Amino acid sequence: MTEANLTIDVAMGVTINARNARGRAARIGPTLDVILANHDYPPVLEHLLAEALVLTALLGSLLKDPDGQLTIQAQTERGAIDLMVCDYKAGELRGYIRHDPDRLAEVGPHPTLFALFGRGYLAITFDQPATDERYQGIVPLEGDGLGEAAQSYFSQSEQIPSIVRLAVRKDEQGWVAGGIMFQHLPEGEEGRERLHTRLDHPEWPHVATLAGSVKPDELTDRDLPLDDLVWRLFHEEEEVRTLEPVALSKGCRCSPDYIASVIARFPVDEQAEMVGEDGMIRVDCEFCATSFPIALAAVVTET
Ligand SMILES: [Zn+2]
């Protein structure tokens, strides 16, 4: 990746070893426009999904396994939103929101998380097939935004002091969402076993204060490379290391071939029941808001 690509549709890791901290920065623009264009959501949901997707990029870029997947899923009770799912795999992002349009119309332009989700919970799942690791944490969807909910996920369920800042903006160029996340790690270096975390580590408030000073305009500035953004925050540190950046794009696993292969796993009589009046099996991908007509003949030849 060239340096020019550190501004948009990219995630980058950071370590500040002397402070026992690591971080992630991410910004998405064109990728976000592509994902949102598939859905025809009202602005309040576009804003929410944009925030969720940049959070997904931050968390996904923590995965060490190249085949790993990070999923965030909001489960709700009596909210205007029924379900929100976003995931990350190898730099590819996707997401959707299922909602009740009538209820959503009542919540106004700047709703709280409670107005959107009711009694909602955010499940964050890391899947790393290479090491057969799968872990999930669940936190209540409370506070000012998804960034705050993610912050409590790490601080409460994982006992890792963390700070998350997210910002979303739409202008004449389209949508842009940016975020940073910093965490205290007892050993600083990535990849070491965490044996014990002192929540009152003296280095942490310093890192949190500097990271927390980031402005929403900086997070969403398409002309500000992520390394410059991080440097602005931590320029007084002795050493700030950046990790290899990851290019981000919209991606889904819903090709007609893939769907045909899924249908092929069903018993033949059940396949026959799926066929509609037009002779096709219709399968929806909620991530892409697309319906795939699959001919049964195409499925049978695959089995
Ligand atoms: Zn899809």
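In this text the structure is predicted, and so the values were computed from the model without any measurement. In listed order, ligands and their atoms are each counted from 1. What's counted below: heavy atoms across the whole structure, side chains too, no hydrogens, waters or symmetry copies.
- Listed by chain and residue number, Phe234 satisfy the ring pair (Phe, Tyr, Trp, His ring centres under 6.0 Å) test with Phe182 (two or more places apart in sequence, or in another chain).
- Take Arg103 and apply the salt bridge (Lys or Arg N to Asp or Glu O under 4.0 Å) test, not counting sequence neighbours, and it matches no residue.
- Considering every non-hydrogen atom in both Trp204 and Gln183, the closest pair reads CZ3-C, 3.5 Å.
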In residues 205-213, what donor-acceptor pairs under 3.5 Å come from side-chain atoms, sequence neighbours left out?
residue	atom	partner	partner atom	Å
His206	NE2	Arg19	NH2	3.2
His206	NE2	Glu237	OE2	2.9
Thr209	OG1	Pro205	O	2.7
Ser213	OG	Leu210	O	2.6

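- Closer than 2.8 Å to the Zn ion (ligand 1) sit the protein N, O or S atoms Cys252 SG, Cys254 SG, Cys285 SG, Cys288 SG.
- More than 12 heavy atoms of other residues, nucleotides or ligands shown are found within 6.0 angstrom of CD on Glu239.
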> What do the steps show when you test Glu148 against Ser152 for side-chain contact (heavy atoms from CB on, under 4.5 Å), and what is the final call?
Replying inline: CA-CA 6 Å; Glu148 207 167 296; Ser152 20; 5.5 Å; no

